Number of protein chains: 2
Amino acid sequence: MRGFAEGLIDRPQTVAEQVANVMREAIASGTLKAGTALRQDELAEQFGFSRMPIRDALRQLEAEGIVSIHPTKGAHVAGMDSAEIAEIYAVRELLECEALRLSVPALSGGKLDEAEQVLDQIDAERNVGRWGALNRAFHLSLYHACGNQRLLGLIEAHHNAADRYVRILLSNLDYRKRSQAEHRDLLAACRQRDGKKAVSVLRQHLREGSDTLVNAIEGGGLSRKS
Amino acid sequence: MRGFAEGLIDRPQTVAEQVANVMREAIASGTLKAGTALRQDELAEQFGFSRMPIRDALRQLEAEGIVSIHPTKGAHVAGMDSAEIAEIYAVRELLECEALRLSVPALSGGKLDEAEQVLDQIDAERNVGRWGALNRAFHLSLYHACGNQRLLGLIEAHHNAADRYVRILLSNLDYRKRSQAEHRDLLAACRQRDGKKAVSVLRQHLREGSDTLVNAIEGGGLSRKS
DNA sequence: TCTCGTACACGCGGATACTTATATCCCCGA
DNA sequence: TCGGGGATATAAGTATCCGCGTGTACGAGA
């Protein structure tokens with residue numbers, strides 16, 4: 001739920017936010033695997049801060065759905081079973097298709113050019129860690145003109161929740177190629193101001209991602225919910 | 001974002017959660033008006049707890065969008081301008097219509113009877129404070145069979161965010177009558193397993209609520225964002 | 001008199017040390 | 001072998017402290 005209108009107003013960054021950012025990245029990158037116990041004292045020592053901001057950060061991440069906290073049992077990196085992945089993708093499809101539908105008529109040529117540049121960057125990028133961020137940037141750039149900040153916030157939150165898994169997808173060269181082809185189709189439909197077409201391409205794109213992930217996780221024996 | 005699968009697993013309630021619950025109710029009921037400063041040590045003294053759980057509670061409420069926190073300036077009861085109300089209702093429409101669409105074919109007769117009982121309770125209820133809760137219970141009871149916990153969680157979160165304003169609506173006798181009529185239409189469509197009809201009634205219902213609220217707030221001079 | 005700068009008070013973020021409660025594990029005895 | 005009880009680990013909560021950014025009020029200078 002982070003990021004409703006962030007960046008618009010300058011807020012001094014708190015330690016808790018910095019910690020949350022670092023941990024979010026660590027979880028997304030797989031450094032912290034699903035199910036890992038996140039001990040407050042341990043983290044406090046590692047980061048060199050006291051327990052207080054660490055708790056704030058954990059609460060924050062819990063709200064984002066990538067950490068689960070049980071009173072007396074503590075915080076763990078949230079796992080995802082394939083059912084939950086399917087749920088997240090179903091919600092993403094709902095939210096993002098709506099945002100795209102609203103956004104397409106309002107998209108400026110400049111924004112579209114920006115989106116295309118992001119696609120070129122993805123093709124050029126060799127660092128696995130950056131793909132996730134670029135992928136997200138591309139998607140969000142198409143939705144920005146939707147005019148509903150809250151909707152964008154939710155979409156961003158769900159990108160966060162799915163980030164770890166998107167990275168798994170993107171590390172697969174085959175999927176990445178297909179994904180990029182779909183991205184270019186999507187962009188083309190947007191350039192033609194064909195909202196219906198764009199939405200249907202996006203819907204297909206997300207379903208493919210979801211299916212690929214669910215198969216990978218059900219078959220591949222990835223670490224499960226704690 | 002609270003309440004994804006709450007209640008299914010017994011978690012000992014933390015002080016922070018209790019505090020959050022009390023404050024959520026206080027904000028929804030209007031006891032705490034929009035813009036009110038929420039000073040940590042003041043609250044700590046009032047509740048008789050230390051600052052730590054109060055901070056946790058404030059973070060929680062911030063994630064729910066009903067409190068805004070600025071480092072160094074502290075927490076305030078979040079206001080809503082009419083634009084934000086429109087946004088929330090647009091998202092609610094999207095989420096709830098989808099949940100209903102998925103849910104209708106799976107709704108058991110028992111669930112429908114329960115929903116009808118809730119409607120009867122609303123008619124009988126004289127206490128303004130309870131209407132909001134009953135109204136929410138009715139809506140959620142129709143969505144429960146949608147099979148997507150995450151979607152239900154988001155819907156609940158948006159009910160929380162809109163709660164204060166729904167209560168304003170419901171304290172208006174005229175709106176309440178119309179609303180109840182629409183609720184019965186909605187229920188009837190569900191009984192007929194007519195998903196399309198049900199969704200269209202729901203959509204109309206939510207749009208009416210949104211419009212009524214936006215007009216009330218733009219005209220009525222309600223307290224604004226801090 | 002009006003404006004600008006400074007100084008002070010307030011309240012938050014954070015640190016630290018300590019207490020309490022709870023879950024888990026392991027061992028010991030029936 | 002199994003079940004109960006204690007030891008241990010860890011989270012939740014308490015009490016207090018400090019530093020710093022912000023807002024404000026007051027006094028000095030134009």
Side-chain angles (χ1 to χ4, degrees), chain A residues 2 6-24 27 32-64 66-79 225-226, chain B residues 2 6 8-24 27 32-64 66-79 224-226:
Chain A
R2 201 86 280 250
E6 232 80 29
L8 301 176
I9 35 178
D10 69 309
R11 325 193 324 165
Q13 249 212 337
T14 64
V15 170
E17 279 161 2
Q18 294 171 42
V19 170
N21 289 338
V22 172
M23 290 188 57
R24 190 182 300 111
I27 292 173
L32 288 170
K33 285 179 211 145
T36 307
L38 300 169
R39 262 165 266 293
Q40 300 184 353
D41 301 358
E42 208 172 291
L43 293 170
E45 202 176 353
Q46 278 178 21
F47 280 102
F49 297 114
S50 75
R51 262 179 52 212
M52 184 110 61
I54 269 77
R55 283 181 58 153
D56 285 347
L58 288 175
R59 292 259 171 197
Q60 181 57 49
L61 296 173
E62 188 199 19
E64 293 176 21
I66 58 182
V67 157
S68 65
I69 299 181
H70 187 300
T72 78
K73 285 207 290 188
H76 293 257
V77 177
K225 200 162 213 166
S226 61
Chain B
R2 203 85 277 257
E6 233 80 31
L8 301 176
I9 34 179
D10 69 310
R11 324 194 324 164
Q13 251 213 337
T14 64
V15 171
E17 279 162 2
Q18 292 172 43
V19 170
N21 288 338
V22 172
M23 291 188 56
R24 191 182 299 112
I27 292 172
L32 287 171
K33 285 179 211 146
T36 308
L38 301 169
R39 261 163 269 292
Q40 297 184 355
D41 21 21
E42 204 174 293
L43 293 169
E45 202 176 354
Q46 279 177 23
F47 280 102
F49 297 113
S50 70
R51 263 179 52 207
M52 181 107 72
I54 268 77
R55 284 179 59 161
D56 285 347
L58 288 174
R59 290 262 172 196
Q60 181 57 48
L61 295 174
E62 188 198 21
E64 294 176 21
I66 60 182
V67 156
S68 65
I69 299 181
H70 188 302
T72 79
K73 285 206 288 190
H76 294 257
V77 178
R224 303 269 306 211
K225 203 160 210 166
S226 63

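Naming: A, B, ... by sequence-line order, numbering from 1 per chain. Predicted model, so just to flag it, every value in this text is computed and none were measured. Any value given below was found using the heavy atoms of this structure, including those in side chains, with hydrogens, waters and symmetry copies removed.
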| field | Partners passing side-chain contact (heavy atoms from CB on, under 4.5 Å) against A:E42 (at least two apart in sequence or in another chain) | value | A:R39, A:Q46

| task | Tell me what A:A16 touches on the nucleic acid: a base, only sugar-phosphate, or nothing, going by heavy atoms under 4.0 Å. | result | sugar-phosphate

| message | I need the CD-C1' distance between A:Q18 and C:dG14, as an integer number of Å. | response | 12 Å

| request: Can you sort out the partners of B:E45 under side-chain contact (heavy atoms from CB on, under 4.5 Å), two or more places apart, ordered by chain and number? | output: none

| How close do B:A16 and B:A57 get, heavy atom to heavy atom, and via which atoms? | O-CB, 3.4 Å

| remark: Those residues at least two apart in sequence (or on a different chain) that pass side chain to side chain donor-acceptor pair (under 3.5 Å) with A:N21 are A:R24

| said: Pick the closest DNA chain C nucleotide for A:P53 and for B:G74 by heavy atoms, then say which residue is nearer the 5' end. | reply: B:G74

Check nucleotides 17-23 of chain C against the protein and report each pair of N or O atoms closer than 3.5 Å, with its distance, or say if there are none.
none

| query | Is there a residue in residues 38-45 of chain B whose heavy atoms reach under 4.0 Å of DNA chain C, and which residues are they? | reply | B:L38, B:R39, B:Q40, B:D41

| B:I54 side, atom CD1; B:M52 side, atom CE - distance, nearest 0.5 Å | 11.0 Å

| Contact check, side chains of B:V67 and B:I27, non-hydrogen atoms, under 4.5 Å | yes

| said: Once side chain to side chain donor-acceptor pair (under 3.5 Å) is applied, do any residues pair with A:R55, and if so which ones, sequence neighbours excluded? | reply: B:D56

| note | Which of A:V77, A:L61, A:I69 passes side-chain contact (heavy atoms from CB on, under 4.5 Å) with A:L38? Answer is A:V77

| field | Exam field: side chain A:H76 to backbone A:S68, donor-acceptor pair closer than 3.5 Å | value | no

| Between C:dG13 (P) and B:D56 (CG): distance, integer Å | 12 Å

| task | Flag the pair A:M23 / A:F47 as yes when at least one side-chain heavy-atom distance between them is below 4.5 Å, and no otherwise. | result | yes

| remark: chain B reaches DNA chain D, atoms under 4.0 Å from its heavy atoms, from D:dG13 to D:dG23

